[in-house]
Amino acid sequence: MKIVFTAEYAGSLEPFRQLGELVIEGWAIGKPKLQPSQIIDLAHDAEVLVTSYDDITAEVINSCPELKVIACTRANPVNIDLQAARARNITVLYTPGRNADAAAELTLGLMLGLMRHIPQSHAALKRGEFTRENQSEQHTQSGLRKDVVWDVSPESPYEVFKGGELRNKTLGLLGYGNIGRRVARIARAFGMNILVVDPFVAAEDIDEPGLHKTTLEALFRESDIVSLHLSSGPHSEGLVDASLLQSMKPGAKLINTSRASVIVEADLIEALRHGPLGGAALDVYHQEPLWREHPFISELDNVIITPHIAGATRESIQKHTAMIAADLQRFVAGEPLLYAWR
Ligand SMILES: NC(=O)c1ccc[n+]([C@@H]2O[C@H](COP(=O)([O-])OP(=O)(O)OC[C@H]3O[C@@H](n4cnc5c(N)ncnc54)[C@H](O)[C@@H]3O)[C@@H](O)[C@H]2O)c1
Ligand SMILES: O=C(O)[C@H](O)CO
């Protein structure tokens, strides 16, 4: 069996080697996607194609007559022409949840960052603000040593960056899948109360002490922090709009590590400029990468931004490599598959 590997990988490739001849044209950060003609050159006689981000088009699929399995190392095989694969009876494997721990942990990092102004206070200190060189003369004249002064003026970091605690706050989770559930578990450990909206998960799978399924309107109205973890698609396009954002508590926070398309960006910017939002933390954008004049970069100090890195850990890559290897072994053994796209 010939296995062509154009995916990002980590950990052992031995399980693949045991299944057949392995041809590796691995993806790496900065490496452009392969063109269909390049994939066809590599995989025209392959039975298995493992990819991360390459577009596996109908042309590719139909030019590789031996293909039996296409494996995509993403939570959603959006880059595979699923209809063309189905027409050829090709099994499509994918890796749901491979980066769920990564995305959940970044979400909590962003939440703490938002509540305690960690990026802003770090940047200010690095710029030389709040250093001993800037201590007011008053303190030295009062006879206190500069290095033991505890500045409690309105301009002191203690005031400027005074934050809020997570304990006893209400966290609203929109989407209770792989990532939403993990965020809920960690947030409960911080002592947060959790509201959930997910039309595809029953209340009995959610409700337990500290966790409660509610309506979209109540979630936005009652949460101190709303974190978005829903899947994208026509069902969620522009779901978070002015009517929901304007119903939030004054100073409430919003976190989006899911997909930008679920928010109306202009409505978010308005809610950050003029309230009620006190801040937002974003990992995903309507157009990526962001550009310097974008308000999230050039204007809004109450926004924390990361460049679509929620899922980017070494462990995520190890997990997807192992998930695909295990399902390929099951495929060859004729056993039921765990991660086949249906
Ligand atoms: N920023 C990143 O690097 C990164 C990394 C991983 C995942 N993601 C994104 O995070 C999101 C969640 O990923 P996941 O792995 O948990 O997906 P998942 O499929 O496990 O869970 C998504 C959940 O959203 C729910 N949902 C769908 N429509 C909804 C709606 N209208 N309202 C509320 N809930 C709704 C689904 O029922 C499902 O439970 C996805 O959009 C994914 O693309 C981003
Ligand atoms: O699609 C995914 O798995 C994440 O957004 C990272 O690309």
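Cluster membership check: V303 shares its hydrophobic cluster with I263, using side-chain heavy-atom separations under 4.5 Å among Ile, Leu, Val, Met, Phe, Trp and Tyr. Under the 4.5 Å side-chain heavy-atom criterion for grouping Ile, Leu, Val, Met, Phe, Trp and Tyr, L42 is connected to I61 within one hydrophobic cluster. A continuous path of Ile, Leu, Val, Met, Phe, Trp and Tyr side chains, each step under 4.5 Å between heavy atoms, connects L106 with L171, placing both in one hydrophobic cluster.
For the residue pair T73/S52, the side-chain donor-acceptor check at 3.5 Å is satisfied.
Within the structure, the side-chain hydrogen bond (donor to acceptor under 3.5 Å, both in side chains) test picks out the following pairs touching residues 328-338 (sequence neighbours left out): D327-R330. Screening residues 175-200 for side-chain hydrogen bond (donor to acceptor under 3.5 Å, both in side chains) gives D101-R182 as the qualifying pairs, with residues at least two apart or on separate chains. Applying the side-chain hydrogen bond (donor to acceptor under 3.5 Å, both in side chains) test to every pair with at least one member in residues 233-253, sequence neighbours left out, gives these pairs: D224-K249, D241-S243.
Residues E165 and F190 are not in side-chain contact: their nearest non-hydrogen atoms beyond the backbone lie 4.5 Å or more apart. The shortest side-chain heavy-atom distance between V226 and L195 does not fall under the 4.5 Å cut-off. By the 4.5 Å heavy-atom criterion applied to side chains, R86 and W341 are counted as neighbours.
Residues K162 and E159 are paired through a salt bridge, judged by an N-O separation under 4.0 Å between the basic side chain and the carboxylate.
Using the six-membered ring where Trp is involved, Y285 and F296 have ring planes that are tilted, between 30° and 60° apart.
Closest heavy-atom contact between G278 and N302: O-CB, 3.4 Å. Closest heavy-atom contact between I206 and V201: CG1-CG1, 3.8 Å. Nearest heavy-atom pair, A242 versus D267, reported as atom, atom and distance to 0.1 Å: N-OD2, 2.8 Å. Annotation for P295 and I269: closest pair CG-CD1, 4.0 Å, computed over non-hydrogen atoms. Counting all heavy atoms, side chain and backbone alike, K33 lies closest to Q38 at O-OE1, 4.4 Å. Across all non-hydrogen atoms, the minimal contact from A43 to V4 is CA-CG2, 4.0 Å.
Atom CG in L328 sits 9.0 Å away from atom CG in L337 (nearest 0.5 Å). Separation of atoms CG (L108) and CD1 (I186) is listed at 4.5 Å; rounding is to 0.5 Å. Here the straight-line distance linking atom CG of L110 with atom CG of L254 works out to 11.0 Å at 0.5 Å rounding. One finds the OG1 atom of T257 at 11.0 Å from the CD1 atom of I309 (value rounded to the nearest 0.5 Å). In this structure, CG in L114 is found 5.5 Å from CD1 in I255, a value given to the nearest 0.5 Å. The distance from the CG atom of L49 to the CD1 atom of I80 is 7.0 Å, given to the nearest 0.5 Å.
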| When you look at F16 and Y9, which way does the ring-ring contact (aromatic ring centres under 6.0 Å, His included) test go after all the steps? | CA-CA 12 Å; F16 295 96; Y9 61 90; 8.6 Å; no

| said: Under the criterion side-chain hydrogen bond (donor to acceptor under 3.5 Å, both in side chains), I'd like the reasoning laid out for T6 against T51: C-alpha separation, chi angles, the key distance, then a yes or no. | reply: CA-CA 5 Å; T6 70; T51 188; 3.1 Å; yes

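Among the candidates K2, R17, M1, E14, the single residue satisfying the side chain to side chain contact (heavy atoms under 4.5 Å, CB included) test with L22 is R17.
Listed for the T107 side chain is a donor-acceptor partner under 3.5 Å among the backbone atoms of A103. For the pair K319 (side chain) and G97 (backbone), a donor-acceptor distance under 3.5 Å is absent. One N or O on the side chain of H320 and one on the backbone of E8 form a donor-acceptor pair closer than 3.5 Å.
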